[in-house]
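Notes to accompany the following structure.
Order of the sequence lines fixes the chain letters, A, B, ..., with proteins taken first and strands second; residue numbering starts at 1 for each chain.
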Amino acid sequence: MPLVKLHVPATLPADRCHALADAVHAGLVATCRVPPADRFQIIQPHPATSLLIDPHFPDVHRSHEACIVEILFLTGRTVQQKARLFRHIAAGANAAGFRGDDIMIALTENEMTDWSLGNGRGFGENHHPLV
Amino acid sequence: MPLVKLHVPATLPADRCHALADAVHAGLVATCRVPPADRFQIIQPHPATSLLIDPHFPDVHRSHEACIVEILFLTGRTVQQKARLFRHIAAGANAAGFRGDDIMIALTENEMTDWSLGNGRGFGENHHPLV
Amino acid sequence: MPLVKLHVPATLPADRCHALADAVHAGLVATCRVPPADRFQIIQPHPATSLLIDPHFPDVHRSHEACIVEILFLTGRTVQQKARLFRHIAAGANAAGFRGDDIMIALTENEMTDWSLGNGRGFGENHHPLV
């Protein structure tokens, strides 16, 4: 139910893209109690001329492999959980060959009643159809 | 003024993509008082390897036609309106040949003052230019 | 740290796309105290059949160059700042050859603790690693 978008350089090989996707999902499962099967991710490759990323702001050193990860998920995670999520994703990405500075993450939040996972049923309805 | 993104498999024919877009807009008009002319939609096709969608979570059965619909719209819709919106979209998509389980929807909200529909005027300014 | 997405017609020349991106960033710097180096933008070209934009709603006249700009940034900007941002972007786009009516803007907000700009550190942590 988190919806994850991975904005990656078009030159990044597919296996690296998927390793990053795996790292993001593992981070969500480990730190935010996301069920392992609750995986919805979109990999969006962009040519270098379309991905305008400052190489240094605020105090990092990004390479041509810099990626931006967007996560839309339910409100309610604590600041501490978010901090752990960031570290978990960076560590997983690092294990997959990414430089930590190349992983930027932006979170946005919504409510349980903002999701339908199928068949026109709201998630807040526990997937029992309304009468 | 809702901004709709339709993430669809790249193999989905154009007429099916547009039928889904129609269903989403009809749902917004019917359940959320969106004016019929207020239509802003982006169809984003993705290859299967870039659209990582769990086939079953939480209790549905998705096919290779599974789509993710994102809707950004004004805050203020009730839980009931959102539930009706989900059902309306699913019913419309179903009429267009989609399986209900293949339509996932995520809503996010913002304020009237967060929109400019043109010419640098905020929507909250009723489209009269500021002095 | 604002994350900007520019949805543009695929036929728009690259230099025009970048001029629009420049105008958006200049607007953020001038009106919302965004540091000049804090630039993260994604240009997303779409074919005309995938960019469904009403030509007139609510009272404008859009051309085949109509663009949609999404900005995700920190909460806290005032209504006045947002109004100034819209005008600044439209003026800059105009100077780059765009018609004002062709620039639609949607803002969404999140918190400082929702960003990691690299290396797994939350932005709210001032980029000092957690112990």
Q. About how many Å separate CD1 of B:I71 and CD of B:Q41, when rounded to the nearest 0.5 Å?
A. 8.5 Å
Q) Who among B:C17, B:A21, B:A37 has the most heavy-atom pairs with chain C under 4.5 Å? A) B:A37
Q. Just by distance, do the side chain of B:D102 and the backbone of B:S63 share a donor-acceptor pair under 3.5 Å?
A. yes
**Q.** Winner by heavy-atom pair count (cut-off under 4.5 Å) against chain B, out of C:H56, C:H61, C:Q44, C:E70
**A.** C:E70
**Q.** Which of B:T113, B:L6, B:N110 touches chain C most, by non-hydrogen pairs under 4.5 Å
**A.** B:T113
Q) Closest approach of B:C67 and B:V8, non-hydrogen atoms and distance? A) SG-CG1, 3.8 Å
**Q.** Pairwise distance CZ(B:F40) to CG(B:L72) - rounded to 0.5 angstrom
**A.** 12.5 Å
Q.
Once side chain to side chain contact (heavy atoms under 4.5 Å, CB included) is applied, do any residues pair with C:H64, and if so which ones, sequence neighbours excluded?
A. none
Q.
What part of C:I68 gets within 4.5 angstrom of chain B, counting heavy atoms only: side chain, backbone, both, or neither?
A. side chain
(Q) Looking at C:K82 and C:E109, is any side-chain nitrogen of the basic one under 4.0 Å from a carboxylate oxygen of the acidic one? (A) yes
Q.
Which atoms of C:I103 are under 4.5 Å from chain B, going by heavy atoms: the side chain, the backbone, both sets, or neither?
A. backbone
Q. With respect to chain B, which residue among C:S50, C:A93, C:P47 yields the maximal number of heavy-atom pairs within a distance under 4.5 Å?
A. C:S50
Q: With a 4.5 angstrom heavy-atom cut-off, could you sort out which part of B:H18 is near chain C: side chain, backbone, both or neither?
A: side chain
Q.
For C:R99, which atoms come within 4.5 Å of any heavy atom of chain B: side chain, backbone, both, or neither?
A. neither
Q: Return the option, out of B:N119, B:I43, B:D114, B:L3, with the maximum number of heavy-atom pairs under 4.5 Å with chain C.
A: B:D114
Q | Row check, B:F98 ring normal vs B:R16 NZ/CZ: under 6.0 Å, within 45° | A | yes
